[in-house]
Structures are given as structure tokens and as C-alpha cells.
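Every chain is numbered from 1, with letters handed out A, B, ... down the list of sequences. Predicted, not measured: the structure shown is a model, and the values here were computed from it.
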Protein chains: 2
Amino acid sequence: MKFEAVTIKDIAKALGLSTSTVSRALRDSYEISEETKQQVLQYAREINYRPNPIALSLKEKRSRSIGIIISEIANSFFSQAINGIESVANSKGYNVIITQSLESYEREVSNMQFLASRSVDGCIISVSTETSDYAHITDLFNKGLPIVCFDRVIEGIETHKVTVDNFKGAYDATQHLIDTGHKRIAHLANSEFLSITKERMAGYKKALEDNGLPFKEQYVQYSQHGGMIYSEVEDAMNHLLKAKQKPDAIFASADKLTTNCMRFCKAKGIKIPKDIAVIGYSNLDLTDLISPSLSVVRQPAFEMGKVATDLLIQMIESKRPVTDFENIVLPAEVYARESSGKKIPVQ
Amino acid sequence: MKFEAVTIKDIAKALGLSTSTVSRALRDSYEISEETKQQVLQYAREINYRPNPIALSLKEKRSRSIGIIISEIANSFFSQAINGIESVANSKGYNVIITQSLESYEREVSNMQFLASRSVDGCIISVSTETSDYAHITDLFNKGLPIVCFDRVIEGIETHKVTVDNFKGAYDATQHLIDTGHKRIAHLANSEFLSITKERMAGYKKALEDNGLPFKEQYVQYSQHGGMIYSEVEDAMNHLLKAKQKPDAIFASADKLTTNCMRFCKAKGIKIPKDIAVIGYSNLDLTDLISPSLSVVRQPAFEMGKVATDLLIQMIESKRPVTDFENIVLPAEVYARESSGKKIPVQ
DNA sequence: AACGATGTCGGGAACGATTGCGTAAAAAAA
DNA sequence: TTTTTTTACGCAATCGTTCCCGACATCGTT
């Protein structure tokens with residue numbers, strides 16, 4: 001089955017003109033008489049002519065599409081970010097090709113190649129938890145493919161980066177747990193490779209330090225797949241609970257870590273926040289309905305998507321190579337609810 | 001900025017061959033000597049040659065991309081469906097352009113035109129809650145654009161349709177509420193225009209009827225935007241609670257209706273399931289963490305996406321016009337949890 | 001020796017649109 | 001009237017790839 005579109009030739013033939021004249025008439029060139037223009041325009045409207053974007057892409061060497069590589073669409077942070085990306089991209093005439101790595105390095109590499117082979121004009125990428133080698137990204141970037149890093153940024157590539165203030169988000173979350181009377185605060189961390197993991201870890205440590213609390217290695221557990229696999233979080237939690245001095249609070253630094261931590265506690269009959277208080281990163285718009293209502297660090301995902309796309313398109317459409325790169329850092333917000341023991345006074 | 005790719009011409013020039021020979025060598029034509037083939041293949045690998053998909057699209061009059069129109073990416077049902085769509089599409093060399101209507105008819109129409117103008121080879125569509133005029137779809141379909149309807153299907157177009165058994169899902173959910181001892185069961189329904197609304201309504205009615213319970217108009221409230229706007233659900237719930245005989249259970253027939261109904265009850269201090277039992281459609285993987293844990297009708301979203309995409313690609317690649325259309329109906333499953341008062345015996 | 005068969009390859013048109021250049025006719029200037 | 005300028009359009013190349021033809025060896029057959 002196929003779907004035959006009207007071309008400029010059809011118009012030319014019907015009107016007894018050449019394709020060049022029609023093309024110029026449609027683009028309102030000064031070389032074409034008003035009379036001919038009107039004739040062409042009217043006929044084009046009649047038969048509902050639409051320029052073929054593929055022919056244009058071939059000619060102009062640009063596809064007017066941008067690629068996205070994220071770990072998972074069905075993750076509220078990323079789906080909100082996609083909304084932001086899409087809103088800007090569409091308004092500027094670009095379309096968006098979304099691919100997901102599902103936290104697999106291998107899939108990320110093949111997605112990157114797929115996008116390059118589909119000749120996208122640029123890419124927005126948030127790397128997978130498994131990614132520690134960035135050659136697949138830097139190679140294409142060095143060949144001139146515009147790339148904007150987003151959320152999980154990488155070193156070794158000089159380009160625009162859009163992140164949230166992970167240090168402050170983690171600091172505030174930890175401080176909040178301390179303010180609600182907790183002293184043995186564990187940290188469910190994401191993959192060690194990720195920039196966000198390091199930054200959040202630093203914020204967590206600094207908050208402990210500023211409050212005179214010791215940092216303990218056994219209170220930190222990394223999850224190589226960001227909690228996407230339940231057993232990961234299960235293992236991490238079991239490790240944490242094995243400590244002689246059990247933690248009295250948990251700071252989870254990814255959406256799935258947070259929810260799977262809740263799920264674990266529910267399964268084990270651990271009372272939140274009585275036995276253990278919980279605060280975690282999450283962009284779910286449902287955290288108020290969870291029991292107990294979930295204290296979260298929420299990121300401006302939509303805004304991040306918008307900003308990243310603006311920067312990318314600016315880069316794509318720049319005449320000369322861009323050398324002045326921006327490092328946008330947006331704020332994250334802490335929403336204190338029941339799970340962190342909001343109302344518990346310091347004992 | 002742009003990114004110059006290697007072309008077949010570069011290979012031809014480097015090897016002192018013509019482009020036709022190179023092209024044929026790459027496609028392993030019998031007309032080319034084994035020696036030349038090896039030479040071309042090796043050099044192509046060396047310089048990492050990738051055929052330009054845009055040039056191919058122009059030549060073959062197909063873009064190897066499919067369009068999706070859904071209401072919202074950040075809705076777990078649709079994001080799961082997208083996963084299914086993507087998995088099949090990518091494995092068959094297609095890429096996917098996702099657009100969202102956000103339940104707006106106007107946006108749906110412009111998305112449809114956008115996709116057509118980007119010359120997608122086919123479309124998968126689930127209409128918005130506002131859509132009651134299908135001309136934007138049928139016009140393109142009649143011009144030969146392959147389209148598969150999915151979840152929210154439409155009449156007036158003979159094509160493949162992939163749905164779930166909405167009648168049975170609603171029947172089972174209602175029956176479950178009856179089994180748990182409820183007699184005054186209200187129905188938070190989606191937009192009246194939608195196929196799924198009608199089918200679920202029918203299942204709801206039939207279950208009441210089969211159990212000798214009366215169907216009452218005042219126990220039914222429609223939401224024109226599927227609960228996407230909280231005030232919609234708020235109004236609907238307020239209406240339901242105004243009845244002389246307040247409903248003792250609610251069957252919500254969309255994800256956002258369900259969660260916003262929970263949110264409403266929480267805000268008003270209505271105890272679930274003691275004051276009112278709740279069951280609703282939802283594909284969230286978090287419903288077990290909500291308090292009380294949420295009884296849901298869950299749809300096989302991923303599977304639906306896969307099936308729809310298989311059918312679409314089959315249609316796209318068919319040599320002759322397809323006239324034999326399938327109507328795939330997948331089962332939905334009821335998960336009974338606390339919110340429907342699972343353990344309450346019939347009084 | 002003459003001819004067809006076969007094996008290898010190149011030329012060039014085509015896909016749809018844009019655009020530099022050339023040019024005929026009309027208008028303006030000389 | 002002749003020359004120059006302007007107006008309004010067509011021709012053809014281009015983008016990267018495929019594919020229909022045609023060309024030219026080489027070989028075997030009669």
C-alpha cells in the first residue's frame with residue numbers, strides 16, 4: 001500500500017509551467033509575476049499540495065528531526081522531559097525520534113548508531129546506568145553531530161549540558177531527614193558511573209558533615225540499574241538492614257529506587273516513617289497517594305526538556321561551529337510529606 | 001553545524017569505480033565480480049559507510065517511519081504501549097514519531113497533518129476524548145495511508161483495530177464490586193464519544209442487570225477529558241455524592257479518573273473502602289503502593305502496541321491493497337486489592 | 001572466422017525540490 | 001530606431017541512491 005502525494009511537477013504540468021517557476025511562485029520569489037503566483041498558489045491549495053520533506057532533506061542535507069536517547073519512556077521523569085522536548089521541537093518544525101536504552105549500554109550504542117544512520121540533525125542524550133565508555137557519543141560529536149547532554153551528563157565532551165542542582169537536592173533531602181530527627185541516614189544510590197550519582201552523593205555527605213554526623217560506607221548501596229530491577233533494591237535494602245546499627249532513614253536517589261524501597265518496606269512489614277523514614281527522588285504525580293504519602297525531591301523535567309531542546313536547535317541552526325557552551329543548572333524541589341516523618345520532633 | 005556523511009560517490013572515486021558498480025557491489029549483485037565486491041565491501045567498512053536513508057526514502061517513496069497519535073505520553077498505559085510499538089518497529093527497521101493530542105481535537109488534527117506531511121508510511125492512532133469528527137483520519141486513510149486504530153477506535157473506517165475486551169473488563173470489575181457486597185455502584189466514565197466508554201458502560205450495565213441491581217442515571221458521570229483535569233473529577237464526584245442514596249462503590253473507567261478519584265476521597269476524608277469502595281482502570285505499576293492498595297483493571301498495553309505495529313507494518317509492506325481487516329481483542333485483567341473492599345463479606 | 005552467450009562494468013535517468021544561469025520578450029532609455 | 005534594462009520564465013545541475021540500458025571484453029560454438 002502506498003500513498004501518492006501531489007508534487008510540484010503535477011502543478012507545473014497542470015498549469016503549463018516549469019517546475020522552477022512553480023517552486024519560485026510557492027516561495028514568493030520576486031522573479032515571478034503576481035498573476036502567475038496567484039494562479040500557482042490557488043491551484044496548490046486546491047489540490048492540497050505539501051512539499052515533500054524528504055526531497056527537501058536530501059537537498060538541504062538536514063532532516064529536521066532530532067533524536068533522543070533516554071533510559072525509559074515509562075519513567076515519569078523522562079516522559080515529562082519528552083513533553084518539554086516535543087513542545088519546543090514541534091514548534092520549531094522538528095520532529096523527534098525517541099529511543100530508550102532500558103539502562104543497557106549495548107542498546108544505547110545501537111540506538112546512537114541508529115539515530116546517526118537515520119540522519120538526525122542532533123541528539124539529546126541522558127546516558128544509561130551501565131555507560132562508562134562514551135566513545136559512541138564523542139565520536140559522532142567530534143564528527144560534527146550536535147549533541148546536548150541532559151540530566152545524566154558525561155565528561156570528555158564539551159557541549160551544552162542541562163542538569164538539576166543535584167548537590168543541593170541531595171543536601172536538602174538529607175538535611176530534611178536530619179531535621180525530622182534522624183541520625184543514621186542511609187543512601188540508596190544509583191549506578192556509580194553516573195554524574196548525578198556522584199553529585200547527589202556529595203550533597204548527602206556534605207549535609208551529614210555539616211550536621212556533625214559520620215559518613216558510613218555501610219550506609220551506602222549502589223544499584224547498577226537504577227532500581228529498575230526489584231531484586232537490586234531488595235539486595236541493597238537487605239544489606240542496609242544487616243548493619244549493627246540499623247539506619248533510621250533512607251535517602252533514595254532515583255525514582256525506581258524510591259518506589260521499590262517503599263515496596264520492599266511494605267512487603268517486609270517495615271513501618272514508614274516509624275521504623276525507617278524515607279525520602280527519594282521522584283517525578284511521579286502520584287506520590288501524594290502512596291501510603292504513607294511520599295516525601296520527594298522533584299525535578300523540573302518538562303523545563304529541562306525545553307531548555308535542552310532550545311540549546312540543541314540553536315546549535316543545529318548555528319552557521320559557524322558553536323564553541324561557547326552553556327551549563328544550565330535548574331533547581332530541584334523538596335516536598336516533605338509523611339514518609340520522612342515530617343511531624344516527628346527531634347528527640 | 002553539520003555532519004558530513006560518507007557517500008557511495010566517495011567510495012567510487014576512491015576505488016576508481018562508478019557509483020552504479022559500488023551500489024551493486026554493496027547489494028551483492030550477481031553482475032559484480034567477487035573481487036570488486038570484496039574490495040568495495042572492505043573499503044566501505046573501513047570508512048564506516050552507511051547508506052543515506054533520506055536518499056533511499058526519496059527513491060523508494062517510503063520513509064520507513066510510522067507515526068503515533070496518542071493522548072499523552074506521560075500516561076502509563078500509553079507509555080507501555082509505546083514500548084511495544086517501538087520494539088516491533090525498531091526490529092523491522094522503522095522508526096517511530098510520537099505525537100500527543102493531550103485530549104485536544106485540534107491538536108490531534110494538526111498532529112495528523114504533521115505526520116502526513118512528514119510522509120510517514122503509516123499511523124497508529126488512539127483518538128482524543130474530544131474527537132467526534134473523524135474526517136482528518138478517514139481522508140488520509142482513503143488516500144491510501146495505512147492506519148491502525150488502537151484502544152480508542154473509531155467507526156466509519158474499515159481497518160485493523162486492536163482493543164481490549166472493554167465489555168468484559170467493566171463487567172468483571174462491576175461484578176467484583178458486587179461480590180464484595182456493594183449495591184449502589186457508581187460509574188466514573190470517560191468522554192461519551194469514545195468507543196471504550198460505550199463498551200465499558202455496556203459491561204457495567206450488564207453486570208448490574210445480571211445481578212438484579214437497578215441502573216441509575218445519577219450514578220453515572222462522564223468526564224470530557226478523561227480525568228486529565230482534576231476539577232472534572234472533583235465535579236463528577238460531588239455530583240455522585242449529592243445523590244439521596246450515596247453510592248457505596250465507584251467504578252472508574254480511566255487511569256486518571258481512578259487516581260483523581262482516590263485523590264478526591266483522600267482530600268475529603270472519605271475512607272476507602274469503608275465509606276466507598278473503588279476499582280478502576282489503571283496501568284500504573286504503583287497501584288500496590290497506594291493507600292489503600294488499588295483494585296484495578298489492567299490492560300495489556302505493551303502487547304497491544306506490538307500487535308498494532310505488526311498489523312500496520314504488514315499493511316505497509318503489502319503489495320496489493322489490504323481488504324481483509326482484523327479486529328484483535330485482547331483480555332484485560334482484574335486485580336482485586338484493598339480499595340474494593342476485597343475482604344468485606346456480603347452484608 | 002563469425003557469431004552468440006556470458007560476465008563486468010559505466011552512463012545516465014529518476015525520485016522531488018531548489019537555484020544559478022541563460023534568455024526571450026517587453027519596457028525603458030538612448 | 002537602436003541599445004540597454006527589466007521582467008518573467010525555462011534549463012539543467014544538485015542532493016544520494018537505484019536500476020535500466022548499453023558497451024566491451026572474453027569465451028565457446030559452429
ask   = Only one of A:V307, A:T309, A:I70, A:I68 clears side chain to side chain contact (heavy atoms under 4.5 Å, CB included) with A:F150; which?
value = A:I70
message = Nearest whole Å is fine: how far is D:dT18 P from B:K61 NZ?
response = 17 Å
query = If you measure from CD1 on B:I85 to CZ on B:F302, what distance do you get to the nearest 0.5 Å?
reply = 10.5 Å
key: A:R62 CZ - D:dT14 P separation (whole Å)   = 22 Å
key: Pair A:E130, A:H225: side-chain N/O donor-acceptor within cut-off below 3.5 Å   = yes
request  = Answer whether the closest heavy-atom distance between the side chains of A:E108 and A:V127 falls below 4.5 Å.
outcome  = yes
ask   = For DNA chain D, which residues in residues 49-56 of chain B have a heavy atom at a distance below 4.0 Å?
value = B:Y49, B:R50, B:P51, B:N52, B:A55, B:L56
ask   = Roughly how many Å is it from NZ in A:K9 to P in D:dG10, rounded to a whole number?
value = 15 Å
query = How long is the line joining CG of A:L58 and P of D:dC15, in whole Å?
reply = 9 Å
ask   = Between D:dT17 atom P and B:R64 atom CZ, what is the distance in whole Å?
value = 16 Å
query = Tell me, do A:L145 and A:M112 make a side-chain contact under 4.5 Å, heavy atoms counted?
reply = yes
side-chain hydrogen bond (donor to acceptor under 3.5 Å, both in side chains) evaluation trace for A:Q113 with A:H136 = CA-CA 8 Å; A:Q113 280 164 358; A:H136 58 299; over 6 Å; no
task = To the nearest Å, give me how far apart NZ (A:K59) and P (C:dT19) are.
result = 7 Å
key: Working for side chain to side chain contact (heavy atoms under 4.5 Å, CB included), residues B:E326 and B:L311   = CA-CA 8 Å; B:E326 301 215 44; B:L311 288 171; 4.0 Å; yes
query = Which letters describe nucleotides 6-12 of chain C, given B = protein heavy atom under 4.0 Å from base, S = only from sugar-phosphate, - = neither?
reply = --BBBBB
Donor-acceptor pair between B:E86 and B:N95 side chains, under 3.5 angstrom = no
task = Would you mind reading off the distance between A:R27 atom CZ and D:dC9 atom P, rounded to a whole angstrom?
result = 18 Å
query = For B:R50 and B:N48, does a side-chain donor sit closer than 3.5 Å to a side-chain acceptor?
reply = yes
ask   = Roughly, in whole Å, what's the span from CD1 in A:I8 to C1' in D:dG10?
value = 14 Å
